[in-house]
Amino acid sequence: MPVTAQQRGPLPATGAAVKRGGTAATKAVPVRAAFYFIRHAKEGATVEESKGAMIDFSSPEGLHILRHSTAHLMAQAIKRLYPDAKLGIGPAIEDGFYYDIDLPTPLTPDDLERIEAEMRAIVKENLPIVRAELPREKAVELFTSRNEPYKVELIHDLPKDAVISTYQQGEFIDLCTGPHVPSTGVLHHFKLTSLAGAYWRGDEHNRMLQRIYGTAYPAQEELDAHMARLEEARRRDHRRLGKELDLFSIQEEAGAGLIFWHPKGALVREIIENFWRAEHRRRGYDIVYSPHIARAELWQRSGHLNWYRENMYTGLDIDGVEYLIKPMNCPFHILMYRSKVRSYRDLPIRWGELGTVYRYERSGALHGLMRVRGFTQDDAHIFCRRDQLHDEIGGVLDLADYMLRSFGFDRYELYLSLRDPANPQKYAGSAEDWEWAQSTLAGVLEDKQLPYKAEEGEAAFYGPKIDIKLIDALGRGWQGPTIQLDFNLPERFDLTYAGQDGQLHRPYMIHRTVLGSMERFFGTLLEHHAGAFPVWLSPVQVMVLPITGRTVPYAREVQAYLRGKDIRAEVDDRDDKIGLKIREAQLQKIPYMLVVGDREVENRTVSVRHREHGDLGATALDTFADGVLAEIAAKR
RNA sequence: GCUGGCGUAGCUCAAUGGUAGAGCAGCUGAUUUGUAAUCAGCCGGUUGCGGGUUCGAUUCCCUCCGCCAGCUCCA
C-alpha cells in the first residue's frame, strides 16, 4: 500500500473510535460494534504506544481500516495466484476499496471468484499483520528485489522526512503507512465487485493497470445491504427507466450523446421549464433567446477558441466565413448587452435562457442523459456593479436552493472551485483578479453560513465557481447548479455602463445555472424518484380504469371532468381485465388509478388506488380532484 | 481517447463453423372481467456496419460504429 496524500494525514481523532484498554472488549459485543485491536492507530506512534489501541469497525475510520486491510488481503491473494503481478496502489474508498495491479493477462469476472476463494483461505490462515519501519535505501532494495517497480517509484517520490513503513502478512509485504487490523483472521465480510482499467497515477500517458474493486463491512448484513443498494441503483438507472417509461431515447443512427425527448419526457421537461421561467421572472430575470452558431471571430474574441476549442464543433462554412456551434451562451448575451448604452440604473441585468449548446465529449465519457454532446442549459448571466455582486451571488444561491427543494432534493453539497496555482497559464486573467474573485465567492458562502469544500484546480478558465452537488435518494452525488464569476469576458468585450459619476465603468458578470442542464437534471430527477415522479411532474397523473366495456362511457366522463380541472387523465379502455390494467398503470408509475365499475357508475363515485398506498376505497369525484389539485399545488 | 467486456426480433434473453429460438410487446379473434399478467392464432431477425479466412460465418480474424464498467475530462 503506497502513501497517498489522503492517507498520510492522521486518523480523525473521534473519542469513541480509538480506545485504549484491555483485551476483554471483543467478548460479548455484537459483531456490528465489534472492537478489534490494531497496531499503530496513529502515525508515528511507537509499537508500545499503540499496543492495545482499538478500533470500532462501524466508525468511519474503523471501516476505512477494515477496507484497507481487505485491499491488502486481496493483493496477497492475487500475488499468490499470479506471481508476475506488480502492485500499484490500493486504497480504501468511499464504499469499499480497490487495488491497481499490473498483470500480464486481463482478468475476467470468473477470476474474481478465484481471488475471493484465495482471500478466504488467507483469512483461515489467520496471518498476523506486522508493521516495520525501514530506511529509504532498504525499502528500495526490498521492493526492487520483490519485483515491485511501482512501489519503488512511490518510495522515490516520498518526501525526504517521510517515515517509510511496510506491513507484512505471511509471505506478502506491502509499502503502507497503515494502520491495519492485527491479523487476516478478522476479515470476513467482503466481496469483489468489479474490474476496470485505470491509468497508473491517474495519468492517461501512463500504462493502464487493472483495477479490482471490492467492498468490506463489519457484518454480513451490512455487506448484504450494500449489495442490495447496488441492485437498487441498477433498478433506478435513468437509462433503463427512460426506456421503460418511454421518456427519451438515444438513436445510434443520429449519433452518440444526442437526446430524443419522447412525448412523456418532453411533457415533464416542459413542466420543469415553465416552472423555471415563472420562478425566474418572479425574481427579476428576463428571458432571452440566442442563436446556435456564430462566426469564428466571436469565439476568438471571447477566448473560447483559445481555451475551449477542443470541446467545440467546427467546420461550418457559410459564404466562405467559418462559423462554430455554440458550446456556451455567454458571448451572445454579451453581444445583447452591448447592443446599447447601459446605465448604472439598469443594473443588475439578469438574462436567463434555456440555451441549447453542443460540446465535444470524448466517446468514453458519454453516459445516458448525464453526459451528452448536446444539451440545454438553464443558463443565465447577471451583469452587475461591484457593490451588487455579493447580493446577486447570494440571490442565485437562494434560487438554487428553492428550485432544488421544489423538485424533492433536500440535500446537497457545495464546492468552491479555485484555480490551480501551479498552472496559471491555464486561466485567463491576472492573479490579482483571481484572488479577488475567489475570496468574493468564499465570502458569500461564509456570510450565508453554508458549509463548503474548496477545491484547487477545478475552476473554469474564465473564473472561479461554486458548484452544487445534489444528493439523491440513494445518497449519490450529482453535479447540478453552478455559479461562476467572470472578470474576463467583460474585459474582452469592453463592456461598460455609465455610472452615477458620468464615467464609464466595467460591469461584473456572473454565469449560473440552477438546475445544470435539462438533460442531466432530468436524469437525476428520474433516478432520485425511481421514475415515480411527484404528481405535479407526472406525465399522466390519473389513469381511469373501467372494469368492463359498459363503464367506459362513465370513465370518459370522469376523464373529461378531470381534464377540465387541468389534471392529466387518461382512460385505459382496452378490452382487458382490471388486474392487467392496474398492473400496467403501476409499472408506468402513474400516481392515481381510478377503478370504475357498475357500482361507481351507480353511485357517481370513483374507487381510488394510489401507486404506493394501494386501494383507498370509493370517493366522490370532486373530492378526489380537490385532493389531487392540492397535491399538485404543493408540488408533492 | 485509453483498458476490459459486449452488440442476435420493438424489449429481455437463448443457440450453433452447415444461413437462428423463447417469453414479453404488436396484430387478429374469442372473452365483459372488481385492485399487479384471460386464452388462442398470427406477424416479426440479410444475428450493429464493412472487409477477411473458409466449400460454407451469425459463430473465427481485422477496421469502423454504438453500448457497458472504469480511467481521463465535465453541465
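This one's a predicted model, so the numbers in the text were calculated from it and none came from an experiment. Every chain is numbered from 1, with letters handed out A, B, ... down the list of sequences.
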hbond_proxy R371(A) side chain to C73(B) base (donor-acceptor, 3.5 Å cutoff):
yes

Any idea which of U32(B), G66(B), A75(B) is nearest the T548(A) side chain?
U32(B)

Output the single nucleotide from G34(B), U35(B), C71(B) whose closest atom is nearest the side chain of I582(A).
U35(B)

Between the side-chain atoms of R583(A) and the base atoms of U35(B), is any donor-acceptor pair under 3.5 Å?
no

Got more than 12 heavy atoms from elsewhere within 6.0 Å of CD, E231(A)?
yes

Mark yes or no for a side-chain to base donor-acceptor pair under 3.5 Å between Y98(A) and G70(B), with no hydrogen or angle criteria applied.
no

Roughly how many Å apart are U54(B) and U59(B), using the C1' atom of each and rounding to a whole number?
13 Å

C71(B): pairing nucleotide in any strand, Watson-Crick or G-U under 3.5 angstrom
G1(B)

Indicate whether OP1 or OP2 belonging to U12(B) is found under 4.0 Å from a side-chain N or O atom of K243(A).
yes

On a plain distance test, is the side chain of E600(A) in donor-acceptor contact with the base of G34(B) below 3.5 Å?
yes

I'd like to know if R520(A) reaches the base of C74(B) with its side chain, counting only an N/O donor and acceptor under 3.5 Å.
yes

Name the nucleic acid region contacted by D598(A), choosing base, sugar-phosphate or nothing; use a 4.0 angstrom heavy-atom cut-off, strictly under.
base

Upstream residue (5' side of RNA chain B) when F375(A) and R211(A) are each assigned their closest nucleotide:
R211(A)

Would you kindly compare G617(A) and R550(A) by the position of their nearest RNA chain B nucleotide and give the one closer to the 5′ end?
R550(A)

Considering only NZ, NE, NH1 and NH2 on the basic side and carboxylate oxygens on the acidic side, decide whether R283(A) and E279(A) come within less than 4.0 Å.
yes

G7(B) -> Watson-Crick or G-U wobble partner, both distances under 3.5 Å, gives C65(B)

What class does the angle between the rings of F248(A) and H238(A) fall in, given that below 30° is parallel, 30 to 60° is tilted and above 60° is perpendicular?
parallel

Under-4.0 Å side-chain N/O to phosphate OP1/OP2 contact, H367(A) with A69(B):
yes

Could you check which nucleotide pairs with A40(B) in any of the strands shown, counting Watson-Crick or G-U wobble with both distances under 3.5 Å?
U28(B)

In the strands shown, is C55(B) matched to any nucleotide by a Watson-Crick or G-U wobble pair with both distances under 3.5 Å, and which?
G18(B)

Is R67(A) positioned over the aromatic face of F97(A), cation under 6.0 angstrom from the ring centre and no more than 45 degrees off axis?
no

Let me know which of R277(A), R512(A), K326(A) forms a salt bridge (Lys or Arg N to Asp or Glu O under 4.0 Å) with E353(A).
K326(A)

Does K465(A) place a side-chain N or O at less than 4.0 Å from the phosphate oxygens OP1/OP2 of A75(B)?
yes

Between R240(A) and C11(B), does any side-chain N or O lie under 4.0 Å from OP1 or OP2?
no

Picking from A75(B), A36(B), C71(B), which would you name as closest to the side chain of Q484(A)?
A75(B)

Does a side-chain N or O of S194(A) approach OP1 or OP2 of A69(B) to a distance below 4.0 Å, or not?
no

So what does D467(A) hit on the nucleic acid, given a heavy-atom distance under 4.0 Å: a base, only sugar-phosphate, or nothing?
nothing

Among residues at least two apart in sequence or on other chains, which ones pass side chain to side chain donor-acceptor pair (under 3.5 Å) with E602(A)?
none

